Amino acid sequence: MMTTKTVKYSKAPLPFQGQKRRWISEIRQLASTLPQGATVVDLFGGSGLCSHTIKQARPDLAVVWNDYEDYQSRLDHIDITNKQINDLRCMTDGVPCNGVIEKGSSLHRDIFDYLDRQDYIDWQTIGSMVTFSACAEKRASPDKNLFNCISKNPYSAEGYLDGVTRVQMDYRELMKQIPKDAILVVDPPYLTTSSERYYARGNGVYWGMSDHLRLLNAIKGRKFLYFSSEKSEILELDDAIKELLGVSFLGDFVCMENRVATLGGETTGYKDLLITNLHTF
């Protein structure tokens, strides 16, 4: 059921590693250039932020979100998550913001006793509330200190994916079903990086060279927004293929850069890339 309220999200409603919130303005701008009524397919949909942004910017577009990692399940349990956060906030009321909850303390034990009684826990969200991890997808360890990072505000996903079509399948199967002229949003795991979340419903935990080559071959000749990083070396890979085989999978594209600072500061950061051929419309 769609809400009549239009809500713009600048980040995913629940914590998610790798969401493209730094690219929101560019995504909106590129969406404005798409043909009326075009189909857009978010192949590696993640948190759905790209799908939301495109649909919000262009309601006339048919947007398909491939929720392979089942982010929807976390959204469906958001009321339970909010209650748990509120309970944890009450339990840690006397602990300063970001203060340590030492392992072995009574409060530490009380928190884990409480969590053990829960039938459902969104660990990526709850874990980020009691640790400093931005990707705490697994259960927090009772052998380590906790921290009071409890959010003061409840989460909401109202209207987030209104009008977006959700599917859940391997991108290769999805590619067989979508129109040839569909615009692709491509945000795969970075080359040679761990990708447990993507493979959680399949076999293997590594996104390697062969996976990237198959993906590049699948998008050859199609319109796309391709998110990557200088750490992934995807441009170097395409250049090497062109030099050795005389073929460019990416074709005529432009590449935008976005500097991401790490904890060590700007000089130790890296560049996120948005590669697209939408300028050729």
Side-chain angles (χ1 to χ4, degrees), residues 1-82 85-86 122 124-125 128-129 134-135 149-168 182-187 197 223-229 254 256-261 272-276 278-279 281:
M1 179 176 173
M2 291 181 62
T3 179
T4 57
K5 182 179 179 181
T6 300
V7 183
K8 290 183 182 180
Y9 287 80
S10 58
K11 63 179 181 180
L14 293 169
F16 188 87
Q17 184 184 20
Q19 57 176 298
K20 299 306 174 186
R21 59 181 180 268
R22 296 184 183 88
W23 293 107
I24 293 294
S25 61
E26 288 83 359
I27 294 171
R28 287 175 178 157
Q29 181 178 359
L30 288 168
S32 70
T33 69
L34 301 182
Q36 185 77 17
T39 297
V40 179
V41 180
D42 196 350
L43 284 181
F44 302 83
S47 68
L49 184 61
C50 289
S51 293
H52 159 79
T53 303
I54 293 170
K55 187 64 177 180
Q56 191 278 327
R58 287 286 304 279
D60 63 291
L61 301 178
V63 180
V64 178
W65 169 47
N66 187 19
D67 184 22
Y68 190 82
E69 300 171 61
D70 198 17
Y71 188 77
Q72 183 63 53
S73 177
R74 296 176 59 199
L75 297 178
D76 291 342
H77 290 87
I78 202 167
D79 289 342
I80 293 175
T81 299
N82 279 334
I85 291 171
N86 185 67
D122 174 358
Q124 193 169 353
T125 300
S128 68
M129 297 288 160
C135 53
C149 310
I150 312 299
S151 172
K152 292 181 171 59
N153 300 310
Y155 288 102
S156 174
E158 180 184 4
Y160 180 52
L161 290 165
D162 281 356
V164 171
T165 299
R166 176 183 181 265
V167 298
Q168 191 176 33
I183 294 95
L184 306 178
V185 177
V186 188
D187 184 19
R197 289 204 320 273
K223 298 295 184 182
F224 59 80
L225 289 80
Y226 195 118
F227 295 95
S228 189
S229 161
V254 295
M256 292 173 269
E257 300 179 353
N258 203 330
R259 171 63 65 175
V260 179
D272 263 349
L273 306 177
L274 173 50
I275 305 162
T276 182
L278 295 186
H279 67 289
F281 266 127

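This one's a predicted model, so the numbers in the text were calculated from it and none came from an experiment. When reading the values below, keep in mind they use all heavy atoms of this one structure, side chains included, and skip hydrogens, waters and symmetry mates.
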Item to complete: Output, in order, the C-alpha distance, side-chain angles, deciding distance and verdict of side-chain contact (heavy atoms from CB on, under 4.5 Å) for N66 and F44.
Response: CA-CA 6 Å; N66 187 19; F44 302 83; over 6 Å; no

Practice prompt. Mark yes or no for whether D187, through its side chain, and G46, through its backbone, hold a donor-acceptor pair below 3.5 Å.
Written response: no

Fill in: Of V63, L30, V164, L49, the residue whose pairing with I54 passes side chain to side chain contact (heavy atoms under 4.5 Å, CB included)
V63

Worksheet item: Quick one: does D60's side chain have a donor or acceptor within less than 3.5 Å of a partner on G37's backbone?
Response: yes

Worksheet item: Do you know which two heavy atoms are closest between S51 and W65, and how far apart they sit?
Response: OG-CB, 3.5 Å

Worksheet entry | Heavy-atom pair of closest approach, residues S229 and L273 | C-CD1, 3.9 Å

Worksheet entry | Nearest-0.5 Å distance, OH of residue Y160 to CG of residue L14 | 9.0 Å

Worksheet entry | Straight-line distance of L225 CG to W23 CH2, nearest 0.5 Å | 10.5 Å

Worksheet item: Between the side chain of R58 and the main-chain N/O of A31, is any donor-acceptor distance below 3.5 Å?
Response: yes

Discussion item. Quick check: closest heavy atoms across S151 and I85, and the distance to 0.1 Å?
Written reply: O-CG2, 3.9 Å

Worksheet entry | Ionic contact status for D42 with R166, cut-off 4.0 Å | no

Discussion item. Would you compute the distance between atom NE2 of H52 and atom CD1 of I27 and round it to the nearest 0.5 angstrom?
Written reply: 10.5 Å

Fill in: Side chain R22, main chain N258, donor-acceptor under 3.5 Å
no

Item to complete: Report the C-alpha separation of V167 and V64 in whole Å, then their side-chain angles, then the decisive distance to 0.1 Å, and conclude whether the side-chain contact (heavy atoms from CB on, under 4.5 Å) test is met.
Response: CA-CA 7 Å; V167 298; V64 178; 3.9 Å; yes

Discussion item. If you compare all heavy atoms of K55 against all heavy atoms of D162, which two are closest, and at what distance to 0.1 Å?
Written reply: CG-O, 3.8 Å

Worksheet item: Yes or no on side-chain contact (heavy atoms from CB on, under 4.5 Å) for L43 and Y68, after CA distance, side-chain angles and deciding distance?
Response: CA-CA 9 Å; L43 284 181; Y68 190 82; over 6 Å; no

Discussion item. Is it the case that the side chain of R74 and the backbone of S47 share a donor-acceptor pair, with hydrogens and angles ignored and the cut-off at 3.5 Å?
Written reply: no

Practice prompt. State the OH-CG distance between Y155 and L75, to the nearest 0.5 angstrom.
Written response: 12.0 Å

Worksheet item: How close do Y9 and E158 get, heavy atom to heavy atom, and via which atoms?
Response: OH-O, 2.8 Å

Fill in: From NZ (K223) to OG1 (T276), nearest 0.5 Å
8.5 Å

Worksheet item: Taking C-beta and beyond as the side chain, do L184 and Y226 meet within less than 4.5 Å on heavy atoms?
Response: no

Item to complete: Drop me the distance from D122's CG to T81's OG1, to the nearest 0.5 angstrom.
Response: 4.5 Å

Item to complete: Carefully, step by step, assess N86 and N82 under the rule side-chain contact (heavy atoms from CB on, under 4.5 Å).
Response: CA-CA 6 Å; N86 185 67; N82 279 334; over 6 Å; no

Worksheet, complete the sentence: Here the pair of heavy atoms bringing Q124 nearest to F16 is NE2-CA, 3.2 Å

